[in-house]
A.B. asks: 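Before anything else, here's the structure in question.
Basis for what follows: all heavy atoms, side chains included, without hydrogens, waters or symmetry-related copies. Remember, it's 1-based here, ligands and their atoms both numbered in the order they're listed.
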Amino acid sequence: MEKKKEIVLSGIRPTGFLHLGNYFGALRNWARMQYEYDCYFFIADWHSLTTHADTKDLKVNTRRLVSELIAGGLDPEACVIYSQSDIPEIAELYLYLNMLAYRGELEKTATFKDKVRQQPENVNAGLLTYPVLQAADILIHRALKVPVGKDQEQHIEMTRNFAERFNYRYGNVFPLPVAFSYGGELLRILNLDGTGKMSKSENPMNTIYLNDDDALITKKIMKAKTDQGPAVENMQKPDYIQGLFTLLRLVSESDVVEKYESDFNQCVIRYGDMKKQLAEDMVSFIRPLREKAQNLQSDPAHIDEILSEGAVKARKSAAATLLKVREVMGF
Ligand code: TYM
């Protein structure tokens with residue numbers, strides 16, 4: 001009998017265009033994992049309500065995101081792609097897990113504290129229990145590996161805690177999932193002024209989106225923060241310079257990276273040249289992804305079909321888990 005493949009799950013909120021952080025932190029791993037694991041990837045549309053209550057554009061944004069995910073390497077034949085809101089089983093599991101999650105730990109979550117700072121006028125209960133819904137997303141398929149960027153690590157740790165509590169109280173249903181990235185280390189792509197992670201809500205000039213055209217990519221990179229150059233040999237790079245080197249490493253040839261590393265270490269680096277090279281390589285990297293995503297968007301019915309086929313498969317797996325959950329809980 002063929003050995004069952006490990007289950008992988010990850011998701012993304014439909015709150016804006018896909019950016020380099022999403023691509024390198026998550027999607028690149030997803031595209032590789034789909035051929036090695038049993039993979040579920042989904043659009044976290046319920047999660048987006050915690051910050052974006054307006055649902056008017058949700059469908060359009062979801063379709064666009066799915067097009068971008070496929071352009072970035074997801075193959076609907078090789079993995080299951082669906083919308084969270086098509087799987088009501090997740091909401092039921094969320095309810096049970098909410099009884100096992102404590103106010104203190106939810107209030108201490110880093111992403112919750114960030115959001116309280118960013119939107120003090122809308123600290124809703126969904127925001128507080130965001131990690132519980134995320135745990136339900138993962139546990140509903142009894143996933144083992146969760147490919148995400150560094151910013152999601154704490155949520156995966158909380159998922160393990162909720163799963164352990166459930167298993168201890170009611171019976172062993174859930175394996176304990178771990179955050180995953182090829183190479184071992186979870187990535188954190190910085191924004192272009194080095195002040196924090198690249199994110200959808202950031203100043204758009206500090207974020208490179210897979211939808212940016214060639215001229216805009218070049219403009220953003222040429223405007224990225226630099227300084228007069230290192231003052232002493234082999235010094236540690238400031239964050240904003242390190243961020244540019246990280247991008248260079250991701251899209252440029254290794255001899256190019258080595259040249260600029262060595263120029264930096266010898267204090268002869270010319271940031272203008274480095275940014276020009278980075279812009280050129282970034283444009284070549286993004287252009288085919290952008291064009292493919294745009295092509296896919298011209299056929300929304302096809303995207304809807306992918307999502308409804310995905311929903312059927314995801315619901316099957318979710319229902320099997322929920323049956324076990326209800327059984328051990330005595331419902
Ligand atoms: P979201 O939509 O913010 O981001 C999607 C994925 O992109 C990664 N990412 C980054 N990685 C590196 N550097 C960055 N600057 C960067 N910005 C974003 C994120 O780590 C993530 O992997 N809560 C999740 C969505 C979610 C989910 C889940 C993920 C809901 N349920 C279950 C995994 C499992 C989120 O808001 O991701």
Side-chain angles (χ1 to χ4, degrees), residues 7-31 33 39-52 61-62 64-66 68-69 72 74 82-85 87 90-91 93-94 97 109-112 114-115 118 126-127 129-160 162-163 177-183 185-202 206-210 239 242-243 246-247 250 314 318:
I7 297 171
V8 166
L9 172 129
S10 201
I12 180 165
R13 285 169 304 146
T15 48
F17 287 98
L18 217 66
H19 55 72
L20 289 180
N22 301 134
Y23 180 82
F24 288 109
L27 181 54
R28 191 175 57 155
N29 285 320
W30 302 3
M33 291 180 99
C39 289
Y40 294 87
F41 300 119
F42 75 99
I43 310 299
D45 48 3
W46 281 339
H47 271 109
S48 72
L49 299 178
T50 60
T51 53
H52 297 64
N61 290 346
T62 297
R64 193 187 65 214
L65 192 51
V66 172
E68 292 189 303
L69 295 177
L74 287 196
Y82 62 95
S83 285
Q84 186 181 33
S85 59
I87 319 297
I90 297 170
L93 183 57
Y94 170 52
L97 296 175
T109 311
T111 47
F112 176 69
D114 282 349
K115 287 287 180 318
Q118 287 163 14
L127 202 57
T129 57
Y130 185 111
V132 188
L133 182 55
Q134 183 156 350
D137 295 327
I138 298 168
L139 299 176
I140 200 73
H141 298 301
R142 284 171 280 176
L144 266 178
K145 288 196 168 76
V146 188
V148 284
K150 183 83 182 156
D151 60 315
Q152 297 298 312
E153 197 171 29
Q154 189 182 26
H155 291 168
I156 314 303
E157 196 179 304
M158 293 173 82
T159 300
R160 280 199 298 278
F162 302 146
V178 290
F180 178 88
S181 174
Y182 285 105
E185 221 167 286
L186 303 184
L187 276 191
R188 182 171 187 265
I189 304 291
L190 292 181
N191 64 23
L192 293 175
D193 67 1
T195 53
K197 66 166 185 170
M198 196 172 274
S199 80
K200 299 188 193 106
S201 49
E202 247 297 312
N206 285 332
T207 301
I208 297 180
Y209 301 95
L210 299 192
D239 279 353
Q242 183 57 53
T246 301
L247 296 181
L250 290 168

A.B. asks: Working to the nearest 0.5 angstrom, can you tell me the gap between Glu153 CD and His155 NE2?
C.D. replies: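 If we round to the nearest 0.5 Å, Glu153:CD and His155:NE2 are 11.5 Å apart.
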
A.B. asks: With atom 19 (C) of ligand 1 as the reference point, say which of Asp151, Asn29, Val148 has the nearest heavy atom.
C.D. replies: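 It is Asp151 that holds the nearest heavy atom.
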
A.B. asks: Please report which non-hydrogen protein atom sits nearest to atom 23 (N) of ligand 1, along with the residue it belongs to and the distance in Å to one decimal place.
C.D. replies: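 Closest protein heavy atom to atom 23 (N) of ligand 1: Tyr130 OH, 2.7 Å.
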
A.B. asks: Pick one of side chain, backbone, both or neither for how Ile138 approaches ligand 1, counting any non-hydrogen atom pair under 4.0 Å.
C.D. replies: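 It is the side chain that touches ligand 1; the backbone stays farther off.
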
A.B. asks: Run the side chain to side chain donor-acceptor pair (under 3.5 Å) check on Asp45 and Ser85 step by step: do they pass?
C.D. replies: CA-CA 6 Å; Asp45 48 3; Ser85 59; 2.6 Å; yes

A.B. asks: So which bit of Leu27 gets within less than 4.0 Å of ligand 1, heavy atoms only: side chain, backbone, both or neither?
C.D. replies: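 For Leu27, there is no contact with ligand 1 at all, from either part.
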
A.B. asks: Side chain of His47, backbone of Tyr130: donor and acceptor closer than 3.5 Å?
C.D. replies: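 Yes, His47 side chain to Tyr130 backbone: donor-acceptor pair under 3.5 Å.
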
A.B. asks: Suppose we measure from atom 6 (C) of ligand 1 to each protein heavy atom; which comes out shortest, and what is that distance?
C.D. replies: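 Sorting protein heavy atoms by distance from atom 6 (C) of ligand 1 puts Ala26 CB, 3.7 Å first.
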
A.B. asks: Using modelled atom types only, decide if a donor and an acceptor are shared between the side chain of His141 and the backbone of Ala143 within a distance under 3.5 Å.
C.D. replies: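 Checked: no pair found.
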
A.B. asks: How far is atom 13 (N) of ligand 1 from its nearest protein heavy atom, and which residue and atom is that?
C.D. replies: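 Sorting protein heavy atoms by distance from atom 13 (N) of ligand 1 puts Ile189 N, 2.8 Å first.
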
A.B. asks: Before signing off on this row, confirm whether Arg13 and ligand 1 have an N or O atom pair separated by under 3.5 Å.
C.D. replies: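 So ligand 1 has an N or O lying under 3.5 Å from an N or O of Arg13.
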
A.B. asks: Do other residues, nucleotides or ligands put more than 12 heavy atoms under 6.0 Å from Gln118 CD?
C.D. replies: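 More than 12 within 6.0 Å, yes.
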
A.B. asks: Run down the list Lys200, Arg188, Gln134, Glu153 and name the one with the heavy atom closest to atom 32 (C) of ligand 1.
C.D. replies: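 Among Lys200, Arg188, Gln134, Glu153, the closest heavy atom to atom 32 (C) of ligand 1 comes from Gln134.
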
A.B. asks: Before signing off on this row, confirm whether Ala44 and ligand 1 have an N or O atom pair separated by under 3.5 Å.
C.D. replies: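 Not met; the criterion fails.
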
A.B. asks: Nearest 0.5 angstrom please: Asn29 CG to Leu187 CG, how far?
C.D. replies: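 So the gap between those two atoms works out to 7.5 Å.
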
A.B. asks: Regarding ligand 1, does Lys150 bring an N or O atom to under 3.5 Å of one of the ligand's N or O atoms?
C.D. replies: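 N/O-N/O distance under 3.5 Å: no.
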
A.B. asks: Please work out which of Ile90, Thr246, Asn22 has its closest non-hydrogen atom nearest to atom 5 (C) of ligand 1.
C.D. replies: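 Heavy atom nearest to atom 5 (C) of ligand 1 belongs to Asn22.
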
A.B. asks: Test side chain to side chain donor-acceptor pair (under 3.5 Å) on Tyr94 and Thr129; report intermediate values, then the result.
C.D. replies: CA-CA 9 Å; Tyr94 170 52; Thr129 57; 2.7 Å; yes

A.B. asks: Does Leu144 reach the side chain of Ile7, with side-chain heavy atoms less than 4.5 Å apart?
C.D. replies: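 No - every pair of side-chain heavy atoms lies 4.5 Å or more apart.
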
A.B. asks: Could you check atom 12 (C) of ligand 1 against the protein and tell me its nearest heavy-atom contact, residue, atom and distance included?
C.D. replies: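 I find the closest protein heavy atom is Leu187 O, 3.2 Å.
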
A.B. asks: Nearest protein heavy atom to atom 25 (C) of ligand 1, by residue and atom, and its distance?
C.D. replies: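 Checked against all protein heavy atoms, atom 25 (C) of ligand 1 sits closest to Gly11 O, 3.6 Å.
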
A.B. asks: Donor-acceptor pair, Trp30 side chain versus Pro147 backbone, under 3.5 Å?
C.D. replies: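 Side chain of Trp30 to backbone of Pro147: a pair is present.
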
A.B. asks: Would Phe24 count as a contact residue for ligand 1, given that I'm defining contact as a non-hydrogen atom of the residue lying under 4.0 Å from a ligand atom?
C.D. replies: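 False for this residue.
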
A.B. asks: Have a look at Gly21, Pro177, Gly25, Ala136 and point out the one with the heavy atom closest to atom 9 (N) of ligand 1.
C.D. replies: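 That would be Gly21.
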
A.B. asks: Check if Ser10 has a non-hydrogen atom at a distance under 4.0 Å from any atom of ligand 1.
C.D. replies: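 Yes, Ser10 has heavy atoms under 4.0 Å from ligand 1.
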
A.B. asks: Considering non-hydrogen atoms only, spot the tightest contact between Ile189 and Phe24 and give its length.
C.D. replies: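 Reported closest heavy-atom pair: CD1-CB, 4.1 Å.
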
A.B. asks: Tell me which protein heavy atom sits closest to atom 31 (N) of ligand 1, plus the residue, atom name and distance to 0.1 Å.
C.D. replies: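 Among all protein heavy atoms, the one nearest atom 31 (N) of ligand 1 is Asp137 OD2, 2.7 Å.
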
A.B. asks: Any atoms of ligand 1 less than 4.0 Å from a non-hydrogen atom of Leu9? List them with their elements.
C.D. replies: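 Contacts of ligand 1 toward Leu9, numbered from 1: 32 (C), 34 (C).
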
A.B. asks: Which of the atoms of ligand 1 are close to His47, meaning less than 4.0 Å from one of its heavy atoms?
C.D. replies: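 Numbered from 1, ligand 1 contributes 30 (C), 31 (N).
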
A.B. asks: Counting distance only, does the side-chain N/O of Gln154 pair as donor-acceptor with the main-chain N or O of Ala110 below 3.5 Å?
C.D. replies: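 Such a contact is found between Gln154 side chain and Ala110 backbone.
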
A.B. asks: Is the closest N or O pair between Met198 and ligand 1 shorter than 3.5 Å?
C.D. replies: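 So ligand 1 has an N or O lying under 3.5 Å from an N or O of Met198.
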
A.B. asks: Whether the side chain of Lys197 engages the backbone of Lys150 through a donor-acceptor N/O pair (distance < 3.5 Å, no angle test) should be reported.
C.D. replies: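 No, because the side chain of Lys197 does not come within donor-acceptor range (under 3.5 Å) of the backbone of Lys150.
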
A.B. asks: Indicate the atoms forming the closest heavy-atom contact of Pro14 with Thr62, along with that distance.
C.D. replies: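 Reported closest heavy-atom pair: CB-OG1, 4.1 Å.
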
A.B. asks: How would you list all residue pairs meeting salt bridge (charged side-chain N to carboxylate O under 4.0 Å, His left out) that involve residues 135-149, not counting sequence neighbours?
C.D. replies: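 Sorted pair list: Glu6-Lys145.
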
A.B. asks: Looking only at heavy atoms, is any part of Ile12 under 4.0 Å from ligand 1, and if so is it the side chain, the backbone, or both, or is it neither?
C.D. replies: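 Ile12 to ligand 1: contacts from backbone and side chain alike.
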
A.B. asks: If you measure from each non-hydrogen atom of Tyr40 to ligand 1, which part falls under 4.0 Å: side chain, backbone, both or neither?
C.D. replies: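 It is neither part, as no heavy atom is under 4.0 Å.
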
A.B. asks: Between ligand 1 and Gln84, can you find any atom pair, the residue atom being a heavy atom, that is separated by under 4.0 Å?
C.D. replies: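 Not so, Gln84 does not reach ligand 1.
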
A.B. asks: Give me the residue, atom name and distance of the protein heavy atom closest to atom 24 (C) of ligand 1.
C.D. replies: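 Going atom by atom, the protein heavy atom closest to atom 24 (C) of ligand 1 ends up being Gln152 OE1, 3.3 Å.
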
A.B. asks: Is there a nitrogen or oxygen of Ile156 sitting under 3.5 Å from a nitrogen or oxygen of ligand 1?
C.D. replies: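 No, since none of the N or O atoms of Ile156 sits under 3.5 Å from an N or O of ligand 1.
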
A.B. asks: Output yes when a side-chain donor or acceptor of Asn61 lies under 3.5 Å from a complementary backbone atom of Leu65, and no otherwise.
C.D. replies: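 It does not hold such a pair.
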
